[in-house]
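Everything below concerns the one structure shown next.
Below, chains carry the letters A, B, ... as their sequence lines are ordered, and counting in each starts from 1. The structure displayed is predicted, hence computed values, not measured ones. Heavy atoms only: backbone and side chains are in, while hydrogens, waters and symmetry mates are out.
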Amino acid sequence: MRTTVAGLMRRPLAVVSLAVLVAVVLAAVTAPLWAADPNRINVAQRLVGPSASHLLGTDNFGRDILSRVVTGGRISMLIGASVSLVALLLGTVSGLLAGYYRAVDRTLSRFLDGLMAFPSFLLAIALVGALGPSVRSEILALSIAYWPRIMRVVRSSTMQLREEQYVEAARAVGVRGPSILLRHVLPNAMAPIIIQGTFVFAEAVLLDASLSFLGLGVAPPAPTWGNMLADSRTYLSLAPWFSIFPGLAIVVTVLALNMFGDALRDQLDPHSTRGSVG
Amino acid sequence: MASRTVKSRKSRVVDPGDHSVGDGKLLNVVGLTTVFHANGRDVRAVDSVSFHLSPGETVCIVGESGSGKSVTSLSIMKLIENEGGRVVAGSIWFDGDDLLKASNEEMRRVRGRTVSMVFQEPMTALNPIFTVGSQISEAILLHTDESREQAWNRTVDMLRLVGIPEPEIRAKQYPHQLSGGMRQRVVVAMALVCNPKLLIADEPTTALDVTIQAQVLDLLRRLKRDLKMSILLITHDMGVAAEMADRVVVMYAGNVIEEGSVEEIFDRPLHPYTQGLLASIPGRNGVRGARLHAIAGSTPALADMPEGCRFNPRCPFAVDICRVEAPALRLVDGHNVACHRAQDAPVVAARTSTAQ
């Protein structure tokens with residue numbers, strides 16, 4: 001663990017992306033302390049460009065874009081983190097069981113194969129549509145959409161690890177199935193699980209933005225990056241900052257998450273050819 | 001020739017029922033048949049295998065790769081299901097109980113407690129992310145009510161017993177910090193820490209270099225004496241068998257083809273296959289520089305077993321009956337052999353030339 005952290009700190013991309021992520025999370029978490037009320041309407045100040053009083057300008061209701069972007073970031077981060085946690089939990093438990101017990105594999109994996117047949121975006125739209133728009137149903141929908149992906153990764157690691165002689169040796173001294181999974185298989189499969197987690201985080205942020213762009217996410221007037229983009233479309237030529245800043249927030253966050261995930265994979269996976277670079 | 005065949009069949013056929021329960025045998029495997037499902041049908045990796053082991057005895061199962069040695073040992077531990085195999089017939093009497101009828105939970109209590117296993121690869125038999133001490137303690141904590149401290153103390157004692165210097169320090173180290181020989185000692189310690197009655201060692205020295213091999217074999221012999229256990233040693237190395245075994249069971253293509261005391265097998269091998277195995281040991285009785293003996297052909301594939309005696313395509317003495325009828329294990333000349341021609345002149349002659 002300590003060597004992993006030290007190794008990551010030697011990778012410039014990892015350091016930069018981590019710094020960006022920390023900044024985004026900090027801004028989102030501390031927003032209520034310093035940002036203006038994201039929902040305060042000021043008709044006199046509609047679509048004003050970036051200035052000293054509104055650093056990122058205002059939107060079509062005269063609301064401060066900076067505070068809307070950071071407040072939207074709170075929701076995006078909350079959804080991204082929750083989705084990756086829930087999907088990791090579901091995927092890890094089911095992946096361990098399916099990889100270790102052939103009977104579970106035959107049933108559960110076929111079910112998840114079916115789930116995987118739907119593109120995750122369509123699946124998420126259908127689920128959010130069915131569950132109704134709220135933060136909780138969005139988290140649930142996205143978790144289910146990403147569950148099969150993590151399950152596949154964990155399942156294949158488990159199938160590989162169950163053939164390891166130390167797993168067989170553990171069975172031969174009488175260790176029970178569940179403790180074999182938790183003590184001998186899971187810790188050795190942690191690396192790909194963590195890496196998948198960062199990618200799911202990034203995609204969940206993106207998918208959340210897409211859903212709220214389509215009006216399926218968190219209901220207005222609560223700001224999200226997606227619904228800000230949707231609202232700003234009409235004013236693109238008139239007030240480009242209205243589109244640029246929420247868009248930039250999405251790009252920077254997702255890019256940082258993906259870069260961090262890449263760096264983590266290079267660091268944790270000894271087979272990665274790019275592992276020695278950086 | 002016909003008369004010879006009749007004569008050989010008159011010899012006593014070994015009846016699996018002979019080995020009844022509780023007649024002083026620790027392990028009695030009777031008619032064990034294990035199949036694997038492949039390409040839509042069952043193939044028999046181990047077919048009607050019977051042998052037994054008395055308390056304090058070392059029995060070696062020898063045979064080449066694919067003869068069913070490891071499948072036999074995993075079947076005894078009931079670990080074969082994890083490999084995709086299934087025991088379809090037979091019984092495995094251990095200390096008066098049929099292990100094949102034991103529930104999973106009963107079997108779990110047997111594993112590591114009364115029957116332990118040592119695997120071939122010390123490099124991979126230990127989990128890389130735990131200290132060796134914690135892996136040994138795990139076995140103690142599973143099978144006893146001991147506290148963590150007691151278990152740890154016993155772990156250190158056990159490491160000392162298997163000849164690891166500075167066991168207090170070594171116990172806190174990770175597998176990658178230990179050499180191959182050390183790791184195999186740790187694996188042995190892990191298997192023996194609950195004082196089992198039977199140790200199954202599946203090629204325990206194959207992955208080690210010759211010096212370490214001798215040390216590990218010495219260790220097993222010493223521990224067997226000190227801890228009063230029995231050893232079932234699986235090996236393809238006739239030299240290891242000669243050194244360790246009280247009795248030898250020779251397997252070929254899933255069958256036991258010869259079984260007897262180590263002296264019987266090495267001095268008077270009756271089966272042409274055993275003779276071939278012994279003849280292929282370098283330097284046994286050959287001249288320096290002479291060509292090493294090799295048994296022609298290779299082990300048949302499980303899915304493609306020859307009719308009759310499974311060794312017949314490779315056997316220099318095969319006659320018509322060998323290609324039709326599978327020979328049963330029968331008592332000939334003091335030990336058991338499954339060969340139609342075990343008492344026939346050419347085979348008898350061959351045994352004197354291969355034995356020393």
Side-chain angles (χ1 to χ4, degrees), chain A residues 1-7 92 95-106 109 154-195 264 267-271 275, chain B residues 37 70 73-74 76-84 104-130 132 134-144 175 183 186-194 196 199-203 207:
Chain A
M1 185 66 204
R2 226 174 302 149
T3 54
T4 306
V5 174
T92 304
L96 283 174
L97 293 175
Y100 194 75
Y101 298 105
R102 287 168 211 268
V104 178
D105 193 28
R106 278 192 288 268
S109 293
V154 180
R155 172 177 172 272
S156 72
S157 299
T158 307
M159 290 176 109
Q160 207 176 343
L161 289 166
R162 72 191 293 280
E163 305 298 331
E164 286 289 330
Q165 225 173 57
Y166 57 79
V167 172
E168 178 132 51
R171 277 195 291 264
V173 296
V175 181
R176 285 184 184 84
S179 13
I180 286 181
L181 284 177
L182 289 180
R183 266 179 66 80
H184 296 275
V185 175
L186 180 60
N188 285 297
M190 266 334 268
I193 296 178
I194 293 170
I195 293 162
L264 203 59
Q267 184 60 39
L268 292 176
D269 181 5
H271 303 298
Chain B
H37 197 76
S70 293
S73 65
L74 289 172
I76 296 171
M77 291 295 269
K78 262 186 135 173
L79 289 172
I80 197 67
E81 279 131 52
N82 290 302
E83 311 291 323
N104 282 341
E105 186 57 24
E106 284 165 340
M107 206 51 221
R108 203 190 56 71
R109 281 196 292 268
V110 167
R111 287 183 205 129
R113 171 118 195 99
T114 46
V115 185
S116 274
M117 200 157 178
V118 168
F119 291 92
Q120 181 171 348
E121 273 289 344
M123 296 296 162
T124 55
L126 294 168
N127 192 330
I129 57 166
F130 293 116
V132 296
S134 73
Q135 294 184 57
I136 299 172
S137 306
E138 184 178 23
I140 304 176
L141 294 170
L142 272 171
H143 294 294
T144 64
R183 275 186 244 187
V186 169
V187 170
V188 171
M190 192 160 115
L192 298 187
V193 76
C194 288
L199 176 71
I200 301 176
D202 190 354
E203 306 253 14

What part of [X] gets closer than 4.5 Å to chain A, counting heavy atoms only: side chain, backbone, both or neither?
X: L126(B); answer: backbone
X: M190(B); answer: both
X: I200(B); answer: neither

Chain B heavy atoms under 4.5 Å from [X]: which part of the residue, side chain, backbone, both or neither?
X: R183(A); value: both
X: V175(A); value: both
X: R176(A); value: both
X: E168(A); value: both

Inset, instruction - Decide salt bridge (charged side-chain N to carboxylate O under 4.0 Å, His left out) for R109(B) and E106(B); before the verdict, give the C-alpha distance in whole Å, the side-chain angles of both, and the deciding distance to 0.1 Å. - result: CA-CA 5 Å; R109(B) 281 196 292 268; E106(B) 284 165 340; 5.5 Å; no
Legend entry - R162(A) side chain to V167(A) backbone, donor-acceptor under 3.5 Å: no
Legend entry - Within-4.5 Å side-chain heavy-atom neighbours: P175(B) and V132(B): yes
Legend entry - Heavy-atom check, side chain of L186(A) versus side chain of L161(A), under 4.5 Å: no
Legend entry - Parallel, tilted or perpendicular: ring planes of H184(A) versus F130(B), cut at 30 and 60 degrees: perpendicular
Inset, instruction - Under 4.5 Å, counting heavy-atom pairs only, tell me which of M77(B), E83(B), R113(B) racks up the most with chain A. - result: E83(B)
Inset, instruction - Over all heavy atoms of both residues, which pair between M117(B) and A191(B) is shortest? Give the atoms and the distance, please. - result: O-CB, 3.7 Å
